[in-house]
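Below: the structure, in structure tokens.
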There are 2 protein chains.
Amino acid sequence: MTAESAPRERVRDAERTRAEIIEVATHEFADQGYAGARVDEIAAKTRTTKRMIYYYFGGKEGLYLAVLEGAYQRIRALEQELDVEHLEPVEALRRLAEMTFDHHESHPDFVRLVAIENIHYAKHLSSSASREVLAAPALDVLTRIMERGRAAGLFRDDLDALDVHMIISAFCVFRGANRYTFKAIFDRDLFDPRLRDHLRAMIGDLVVSHVTAGRP
Amino acid sequence: MTAESAPRERVRDAERTRAEIIEVATHEFADQGYAGARVDEIAAKTRTTKRMIYYYFGGKEGLYLAVLEGAYQRIRALEQELDVEHLEPVEALRRLAEMTFDHHESHPDFVRLVAIENIHYAKHLSSSASREVLAAPALDVLTRIMERGRAAGLFRDDLDALDVHMIISAFCVFRGANRYTFKAIFDRDLFDPRLRDHLRAMIGDLVVSHVTAGRP
DNA sequence: GCCTGAACGGACCGGTTCGTTCATAGGAGC
DNA sequence: GCTCCTATGAACGAACCGGTCCGTTCAGGC
């Protein structure tokens, strides 16, 4: 037997219970908001009880914080493994925008949690320990791309990487976060599959035309 | 005495009571979200009582709906009085973007209410009678500008007015709705006065360079 | 097998919150 | 001045909800 035995089915499994609570809570908080989510309801949807939520997370707020940190950790991991060094700057930039587009499309809970956290003035995120680690991965790749683009004379040289990041983010977040009021008012579903490629190309075009504006 | 007597201080003034409740509730819902806002708290901040909220609005949900409709009505009125017909297309487009930028900056409650309504899947807005009236004013001006731009050969002819509206909206809404998480992560306050002109010019540049891409 | 501590469940508690009830003050018309 | 109806206020109630208490079960070391 090795030191690490095969994880056979355990009746009592702290790690599993904890993970299940987080998973259910992520969806519940994203769906209902912080005040709207019910601890009883979250507990009912797990295979454990409310008592366990307090046992592991201390309370509703502790659970919410764990949910939020988990969601951010997942996108951060994704950003770090993006490799566009082998692409030319223009194509790399487009690829980065499309990756953000794809991620936000396939992680609606993340987009909603961010919106909810902003409703609360980001007070939880601000006091979170993992906060300071989040900026770098998101910006490093973009900074490298822009350096290469400038060096090759393809990009404008008066642009800030954070500005460009904001443009991409704004577009992709808006599509997810405001799709319902947008649909209600303009009767256009931004998540309609027939619209997907069009919008995906659009954020690419938009950001590329912006950083190359006034260049040959 | 004219038919309409001067509105002297009345002890009992239905219109005034109603308006005051709406005003307080707008700020409270925008600040706390629907589930987070407290009816008792709203009542306490007016010069009337909770009883009046139920008397005039039926309940919490009715009040929220009235708040939402009021907020949309105000921006709609603003859009309708925008006059850019005398400007050339490129300048008109920039002006429209800047007007949206300015409005969203000076009406943070509106931006937050929209975010909150999206958390609720726009279910209140969808069932609101005023919903269908909202699309036209927002789009009419833009459609006219783009027609003129295309006719003059200045703009691309493969663009949808709603797409362009989305770009402007995304940028301006993101700035207001996501400022707190953005600040927490990147340590940049999107509402910093020193950044205002830069960002205001940016959305103008962005949208102009997009609609004129590939044109002389 | 027994003992210890981690993992767990269900009942319960106290404060909060939406909504209601009862009572009444004030103005408009006669 | 009387009456009727709108506007208003204070207090109440019932459900809800976050959080806690007490007791139980399971796994593993010895």
Side-chain angles (χ1 to χ4, degrees), chain A residues 1-26 28-29 31-68 116 120 123-124, chain B residues 1-25 27-29 31-68 116 120 123-124:
Chain A
M1 266 257 206
T2 54
E4 179 135 355
S5 67
R8 74 192 155 91
E9 199 76 36
R10 285 214 304 163
V11 182
R12 312 205 137 193
D13 191 333
E15 215 44 54
R16 171 159 177 67
T17 301
R18 195 190 178 87
E20 190 182 344
I21 291 173
I22 288 269
E23 189 190 331
V24 171
T26 296
E28 207 62 14
F29 277 124
D31 196 51
Q32 310 276 350
Y34 178 79
R38 300 292 165 226
V39 178
D40 281 316
E41 184 67 17
I42 293 170
K45 286 183 179 172
T46 63
R47 277 173 299 179
T48 182
T49 65
K50 183 164 65 159
R51 178 66 184 81
M52 287 298 95
I53 290 174
Y54 285 85
Y55 184 70
Y56 285 115
F57 303 99
K60 188 181 187 180
E61 194 150 351
L63 176 58
Y64 174 76
L65 195 63
V67 162
L68 197 64
I116 288 162
H120 297 288
K123 77 169 165 161
H124 307 96
Chain B
M1 265 249 210
T2 54
E4 178 134 355
S5 68
R8 74 194 154 90
E9 197 78 34
R10 284 217 303 164
V11 184
R12 316 204 132 194
D13 189 335
E15 213 45 52
R16 170 158 179 69
T17 302
R18 195 189 178 88
E20 189 183 348
I21 292 174
I22 288 267
E23 188 189 331
V24 171
H27 189 253
E28 206 63 13
F29 278 123
D31 196 51
Q32 309 276 350
Y34 178 77
R38 301 291 166 227
V39 178
D40 281 316
E41 183 69 16
I42 293 171
K45 285 184 178 171
T46 64
R47 276 173 299 179
T48 182
T49 64
K50 184 165 60 159
R51 176 70 181 77
M52 288 298 95
I53 291 173
Y54 286 86
Y55 184 71
Y56 285 116
F57 303 100
K60 188 180 186 181
E61 194 150 351
L63 176 58
Y64 174 76
L65 194 63
V67 162
L68 196 65
I116 288 163
H120 296 290
K123 76 169 167 161
H124 307 96

Taking only the side-chain nitrogens and oxygens of [X], find out if one of them lies under 4.0 Å from OP1 or OP2 of [N].
{"X": "A:R51", "N": "D:dT20", "value": "no"}
{"X": "B:Y54", "N": "D:dT8", "value": "no"}
{"X": "A:T17", "N": "C:dA7", "value": "no"}
{"X": "A:Y56", "N": "C:dC8", "value": "yes"}
{"X": "A:R38", "N": "D:dG18", "value": "yes"}
{"X": "A:T48", "N": "C:dG9", "value": "yes"}

Scan [X] against the nucleic acid and name what it touches under 4.0 Å (heavy atoms): base, sugar-phosphate only, or nothing.
{"X": "A:R18", "answer": "nothing"}
{"X": "B:A35", "answer": "nothing"}
{"X": "A:A43", "answer": "nothing"}

Rounded distance [0.5 Å steps], [atom1] in [X] versus [atom2] in [Y]:
{"X": "A:E28", "Y": "A:K45", "atom1": "CD", "atom2": "NZ", "value": "4.0 Å"}
{"X": "B:K50", "Y": "B:D40", "atom1": "NZ", "atom2": "CG", "value": "4.0 Å"}
{"X": "B:I53", "Y": "B:I42", "atom1": "CD1", "atom2": "CD1", "value": "5.5 Å"}
{"X": "A:I22", "Y": "A:L63", "atom1": "CD1", "atom2": "CG", "value": "6.0 Å"}

Rounded to the nearest Å, what distance is computed from the [atom1] atom of residue [X] to the [atom2] atom of nucleotide [N]?
{"X": "B:Y55", "N": "C:dC22", "atom1": "OH", "atom2": "C1'", "value": "15 Å"}
{"X": "B:F29", "N": "C:dT17", "atom1": "CZ", "atom2": "C1'", "value": "13 Å"}
{"X": "B:E61", "N": "C:dG19", "atom1": "CD", "atom2": "C1'", "value": "14 Å"}
{"X": "B:I53", "N": "D:dG9", "atom1": "CD1", "atom2": "P", "value": "11 Å"}
{"X": "B:M52", "N": "D:dA7", "atom1": "CE", "atom2": "P", "value": "9 Å"}
{"X": "B:D40", "N": "D:dG13", "atom1": "CG", "atom2": "P", "value": "16 Å"}
{"X": "B:K60", "N": "C:dT16", "atom1": "NZ", "atom2": "P", "value": "16 Å"}
{"X": "B:Y64", "N": "C:dC18", "atom1": "OH", "atom2": "C1'", "value": "18 Å"}

Parallel, tilted or perpendicular, as decided by the 30° and 60° cut-offs, for the rings of B:H124 and B:Y34 | tilted
Side-chain donor/acceptor of A:K50 to base of D:dG18, under 3.5 Å = yes
